[in-house]
There are 2 protein chains.
Amino acid sequence: MADRPRRIPEATVARLPVYLRSLLQLAGEKTGTISSERLAEMAGVNAAKVRKDLSYLGSYGTRGVGYDVEYLLFQMSRELGLTQDWPVVIVGIGNMGQALANYPGFTSRGFPIAALVDADASKVGHEVHGKRVRHIDELPDIAAEQHIAIGIIATPAHAAQDVADRLLAAGVTSILNFAPAVINVPATASLRKVDLAVELQILSFYQQQRDNEGDGAAAPAPSADAAG
Amino acid sequence: MADRPRRIPEATVARLPVYLRSLLQLAGEKTGTISSERLAEMAGVNAAKVRKDLSYLGSYGTRGVGYDVEYLLFQMSRELGLTQDWPVVIVGIGNMGQALANYPGFTSRGFPIAALVDADASKVGHEVHGKRVRHIDELPDIAAEQHIAIGIIATPAHAAQDVADRLLAAGVTSILNFAPAVINVPATASLRKVDLAVELQILSFYQQQRDNEGDGAAAPAPSADAAG
DNA sequence: GTCAGGTCGTGCACGTGTTCACAATCAAGT
DNA sequence: ACTTGATTGTGAACACGTGCACGACCTGAC
Ligand SMILES: NC(=O)c1ccc[n+]([C@@H]2O[C@H](COP(=O)([O-])OP(=O)(O)OC[C@H]3O[C@@H](n4cnc5c(N)ncnc54)[C@H](O)[C@@H]3O)[C@@H](O)[C@H]2O)c1
Ligand SMILES: NC(=O)c1ccc[n+]([C@@H]2O[C@H](COP(=O)([O-])OP(=O)(O)OC[C@H]3O[C@@H](n4cnc5c(N)ncnc54)[C@H](O)[C@@H]3O)[C@@H](O)[C@H]2O)c1
C-alpha cells in the first residue's frame, strides 16, 4: 500500500524469475520459511545479493528467521505481473515456432499460447498443438481480440524487423526475438533476444582460452549470467 | 604476433558475435571498410562501445578511414575460436532437442551437430536429421571419438544437473543449458543458459509497468541486452 | 528479563561497464 | 607541403552492479 521509493534495477529484475522458480519448488515441498543463504544456493547466486534484490520488493523478511515462502511468492508474483495471464502470439511457425507452440511450460507459467501466425500460405490453416495457424495479416485483429501484449518472433532473420514492426503496429509492445538479427523498437516497447549461435560463439571463445592454457595466466570462468 | 596485454571483458566477449554477424553481412555485400559508427548502428550499440570493444582485439582500424571488413572479420573469428569447427552434442532429443538438431544454422556457423543422445530407450536408435540417437551411457566414448567440447542440455529440468555432470565427466567443458534449472559446474568449465520462461517473465514485469503508467514516473525501457 | 544464536537490511567500498570528449592519425585535394 | 575532413584509440568521469561487514531485530531458552 505505502509507496516505497522503488525502482528495481534491471539486473535484479532478471534474477527475480530465478528466485521465483526456487520459491515454487519450496512451496511444493511445504517449506514454511527460507533463509537468504539457502535461497541463494538454490538460485546459484550469493546471499547478500539475494537480500538486496528482495529488499527492492519491500521488507518482507524477518530477522533471525528468514522469509515466509508463501508470502514472498505472492509479493514476487505480483511484482513480476504474474497475477494475470499474458497471452502470447508466436510469429513464424517453422521448426522452432512449432517446438515452442508444443511446449506446455509456457501456458502453465501464465503465458498461454493464444495465437500462431505465419506468412506462408501453405502453413496457414494447419493445426499445431490444437491451434490453427493464421495469416500474419490478421495480426491486428488477433492481437486486439485476444488482448495479446507479448509476441515471439521465430521467423528467418531477414523478416524479423518487419515482423517486429507489424507486432508493434498491432499493439504488441513486448517482444522476444529468436531470429539472429538486431531489431529496433521504440523506447515504449520491450525487446529481449535469444540468439543460440551467439551463445555457442561465446562458449567457443572461453573454450579456446582453456585449450590454449599455459600460454600465460589462467583464463577466467564466464559462469552463466548474461544468458538468463 | 606481438602479445598485447589483453584480457577481454566478459561484456565485450558477448558482443563480439554480434559484430561478427554484421561483418559477415558486409563482406557479402562486398563492403571494403566500415566505420565504428555504421557498425554500431548495425549491431544496435553505441559507436564508442564498438571502438573500445574492437580495441581489445588490437589496433586494427585506420583513423580517418575505418576498419577493413575482411581483416577485422579474420581477426575476430580467430579471437572467438571460429577458425576451427566445434562439434556439439545435444542431450535430450524431445521437442526442443529435435528442433535444434534440425537447425542448419549451427553447422553453417562452425558448430556441427556431431551427436544426439537421450536416456529414453524408445528414442535411442531413431534417426533425427539423418543422425541416429544414441544412449547417454555412451557419452564418454562419443565425446572422445568426435572430440566434442560443447554440449547442449535439452532435457527436463530435474535431469539437468545429472546430465551436466555426465557431460563434464565425458570431458565436455562448455555447456549450454535450455532446461529451467540452476546447475553447477566447476570453475574450469563454462556454462551459459537460455531460459525462455525467465525471458517472458522479465517482459511481463516491464509490460505491467507500462500498463500501470501514470502512477508516477515513466517506466524505463529494458532494451535487449542481457538476453544475448 | 536477559542472553545467545540466527538472519535480515543496508551503508560502503570496490570492481565492472558505459559514455564522453579529444588528441592522434590518416587520406585526399590543392 | 599544407590544409581539411574524417575517424580511430583511449583517458577520464560517470553509472551501475557486487559483496562485505555489521548494526538491527527476532525467537527461544532459561
Ligand atoms: N530451429 C532452431 O533450432 C533454431 C535455432 C537457433 C535459431 N533459430 C532461429 O529461429 C528462427 C526460426 O527458425 P526455424 O528453424 O523455425 O526456421 P523455419 O524456416 O523452419 O521457419 C520459419 C518460419 O517463418 C515463416 N516466415 C517467414 N517469413 C515470415 C514473415 N515475414 N512473417 C511471418 N512468418 C514468416 C516461414 O513461413 C516459416 O514457417 C530463425 O531466425 C532461426 O535462425 C532457430
Ligand atoms: N520445447 C520448448 O519449446 C521449450 C521451451 C522452453 C524450455 N524448454 C525446456 O527445454 C527442455 C526440453 O524441452 P522439451 O520440450 O524438448 O522436452 P521433452 O520432454 O519433449 O524432451 C525431453 C527429452 O529428454 C530426454 N531425457 C529425460 N531425462 C534424460 C536424461 N537423464 N538424460 C538424457 N535424456 C533425458 C527425454 O527422453 C526426452 O526425449 C525442458 O527442460 C524444457 O523445460 C523447452
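Here is how names work: the chains are called A, B, and so on, in the same order as the sequence lines, proteins then strands, and each is numbered from 1. Keep in mind that this is a model prediction, so the values were computed, not measured.
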A.B. asks: Salt bridge between A:Asp53 and A:Lys49, side-chain N to carboxylate O under 4.0 Å?
C.D. replies: no
A.B. asks: Starting at the 5' end of nucleotides 21-30 of chain C, put B wherever the base has a protein heavy atom under 4.0 Å, S where only the sugar-phosphate does, and a dash everywhere else.
C.D. replies: B--BBBS---
A.B. asks: Quick check: any donor-acceptor pair below 3.5 Å linking the side-chain of A:Lys52 to the base of C:dG9?
C.D. replies: no
A.B. asks: Any donor and acceptor pair, going by atom type alone, linking the side chain of A:Arg210 with main-chain N or O of B:Thr173 inside 3.5 Å?
C.D. replies: yes
A.B. asks: Is any side-chain nitrogen or oxygen of B:Ser36 closer than 4.0 Å to OP1 or OP2 of D:dT8?
C.D. replies: yes
A.B. asks: Using the ring centroid of each side chain, check whether A:Tyr60 and A:Tyr67 are separated by less than 6.0 Å.
C.D. replies: no
A.B. asks: Taking only N and O in the side chain of B:Tyr67, is any of them less than 4.0 Å away from OP1 or OP2 of D:dG9?
C.D. replies: yes
A.B. asks: On DNA chain C, does the nearest nucleotide to B:Asp53 precede the nearest nucleotide to A:Ile34 from the 5' side, or the other way round? Give the residue.
C.D. replies: A:Ile34
A.B. asks: Report, one pair per line, the protein and nucleotides 14-16 of chain C atoms (nitrogen or oxygen only) whose separation is under 3.5 Å.
C.D. replies:
none

A.B. asks: Does OP1 or OP2 of C:dT18 have a side-chain N or O of B:Arg15 closer than 4.0 Å?
C.D. replies: yes
A.B. asks: Taking 4.0 Å as the cut-off, does a side-chain nitrogen or oxygen of B:Ser35 come that near to OP1 or OP2 on D:dT7?
C.D. replies: no
A.B. asks: What is the distance, to the nearest angstrom, from the NZ atom on A:Lys49 to the P atom on C:dC8?
C.D. replies: 17 Å
